[in-house]
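Inspection log for the structure reproduced underneath, given as structure tokens.
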There are 2 protein chains.
Amino acid sequence: MGIHERRNREKQLLRQEILDAAREMFVRDGYEGVSMRKIAEKIEYSPTTIYHYFRDKTDLLSQIIQESFTKLNNQLEAVFGDQSQCPRECLRRGMATYVDFALTHPSHYYLTFMFRQVEDCPSPLDDEAYCLGMKCFDYLRQAVKRAMDSGEIDRCDLETASQALWAGLHGVSSLLISLEGGFPFVERQQLINHTLEMMLRGAGMQPKLAAGQEASRAR
Amino acid sequence: MGIHERRNREKQLLRQEILDAAREMFVRDGYEGVSMRKIAEKIEYSPTTIYHYFRDKTDLLSQIIQESFTKLNNQLEAVFGDQSQCPRECLRRGMATYVDFALTHPSHYYLTFMFRQVEDCPSPLDDEAYCLGMKCFDYLRQAVKRAMDSGEIDRCDLETASQALWAGLHGVSSLLISLEGGFPFVERQQLINHTLEMMLRGAGMQPKLAAGQEASRAR
DNA sequence: TAGGTGATCTAACACCGTTAAGTTTATGCC
DNA sequence: GGCATAAACTTAACGGTGTTAGATCACCTA
């Protein structure tokens, strides 16, 4: 009875082929710049076939977003998971990794984080993608918590502090992605480094100073 | 010879009517959600007529972006221009005004700052819009400069510092706009305040402390 | 080999941005 | 007033879009 299995395998293979084509095209031409017909042409099937594997175009996008989250997740896990560094350095590296991911995969980042969901609620994020996104954020939250616990960062509301840091990361990433070439930015890495350093200092972290040295600072 | 003038006036009126309809619809339904045919239906003209007043759909968008920049410009001018406050407070208020503008007109902000220009370079910003945008940024830059000059902020590269602050402002604004409802953010104003305060502190500004008190801090 | 089943395709629907060509409308001139 | 002219506006079309109902084809089961 291996026939069904082979059929399933083949079906899965075509599904993957569609996904691969769609990913490449979305990344190159943007969501609106890609049509179902063009995807179909690329994989040499009729457009209708795609609809037997994916609900609609947004479903296709949703799967790709999910892949992006998975990739980001893996990178963050590797960096935030390595706690051989002090909490500040760990946090800094994780933040840098986030921005680097965004700028290395600008189209993926755009589709995942900068694509507006208008109207009622046709969010392209299904439950699974949402969970993956939360997992990514949790890496950041845990790193902030460790830094707080070690006294390397001002103790305040963990959630607010983490979200504020994320906002900064997203800001520098998305600005560079959406306005690249349209605004005279300073050298990219300099802007990123400055932004990260500014935020870390603002959160209460002084680089290369003993923790106690600044203990008496205002809130 | 008042006939030509009346004609021009009437033509200008229709142009404005198109612009008003387009603005309202873009803001409500997003750029891709609005068609030239729907705009035409709303103003009770044929779709072709619009093309006698605007080059194409992106031209329509470009005009609306320009309007947004003008509005933002006016608000920033009012706040950054009022130098009765200390430079730190002035900067803080200006930054808060930026975020407030973004969240009060989220669709305008989206169209202006978060709309990706894919492919070669079909940027919807013409020269005029670009100048207005630069003028907005210059308000921030000047405020940062005053804070540096007064010693209320660490002296470092002005351009980098200003762009890093902008990145943060854009980050918290765009995150709240694009993921509103899709992520469990803490209370909005708290997140904004925390982000601004974090950045200002990170830039070297200590609230309610004399300037000299922190002069020996590491860069 | 006949029948059934699932995968795939054809053709269509109702949209889209845009434009060439035609029509209407208002003007200026005799 | 009558008419040429120019501007304003519309019709109709082109080639594209996402999506779907129904026909067709290939293969497996009996």
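Quick caveat: nothing in here was measured; it's all calculated off a predicted structure. Below, read A as the first sequence line, B as the second, and so on, with proteins coming before strands; counting in each chain starts at 1. Hydrogens, waters and symmetry mates are skipped; everything else that's a heavy atom, side chains included, is used.
Taking atom CZ on A:R55 and atom C1' on D:dG18, their separation rounds to 14 Å, with Å as the unit. As rounded to whole Å, 12 Å separates atom P of D:dT17 from atom CD1 of A:I50. Whole-Å rounding puts the A:E32 CD to C:dG17 P distance at 11 Å. Between A:I39 atom CD1 and D:dT19 atom P there is a gap of 10 Å when expressed in whole angstrom units. What separates CD1 of B:I18 from C1' of D:dC9 is a distance of 11 Å, to the nearest Å. Between B:M36 atom CE and D:dG16 atom C1' there is a gap of 16 Å when expressed in whole angstrom units. We find that CD of B:E44 is positioned 11 Å from P of D:dT10, with the value rounded to whole Å. Note: CZ (A:R9) to P (C:dG6) measures 19 Å, nearest angstrom.
Within the 4.0 angstrom heavy-atom criterion, only backbone atoms of the sugar-phosphate kind lie near A:L14; the bases stay farther away. The residue B:S46 sits close to a base: some heavy atom pair falls under 4.0 Å.
Ring pair A:F113/A:Y98 is tilted by interplanar angle, where 30° to 60° counts as tilted. Note: B:F101 and B:H105 have tilted aromatic rings, judged against thresholds of 30 and 60 degrees for the angle between ring planes.
Between A:R93 and A:E89 there is a salt bridge, since at least one side-chain N of the basic residue sits less than 4.0 Å from a carboxylate O of the acidic one. Contact check on A:R141 versus A:D138 returns a salt bridge, with a Lys/Arg side-chain nitrogen under 4.0 Å from an Asp/Glu carboxylate oxygen. Using a 4.0 Å cut-off between charged side-chain N and carboxylate O, B:K38 and B:E32 make no salt bridge.
Checking the phosphate oxygens (OP1, OP2) of D:dA8, a side-chain nitrogen or oxygen of B:K11 falls inside 4.0 Å. When the side-chain nitrogen and oxygen atoms of A:T49 are compared with OP1 and OP2 of C:dC9, one or more of them lie within a distance under 4.0 Å. Between A:Y53 and C:dA7 there is no side-chain polar atom (N or O) within less than 4.0 angstrom of OP1 or OP2.
Taking every side-chain heavy atom of A:Y51 into account, D:dT20 is the closest of C:dT19, C:dA7, D:dT20.
For the pair A:H52 and A:V34, nearest-nucleotide mapping onto DNA chain D gives the more 5' position to A:V34.
Residue B:R37 places a side-chain atom within donor-acceptor reach of the base of C:dG17, judged by atom type and a 3.5 Å distance cut-off alone. For D:dT11, its base sits under 3.5 Å from the side chain of B:T48 at one donor and acceptor pair at least.
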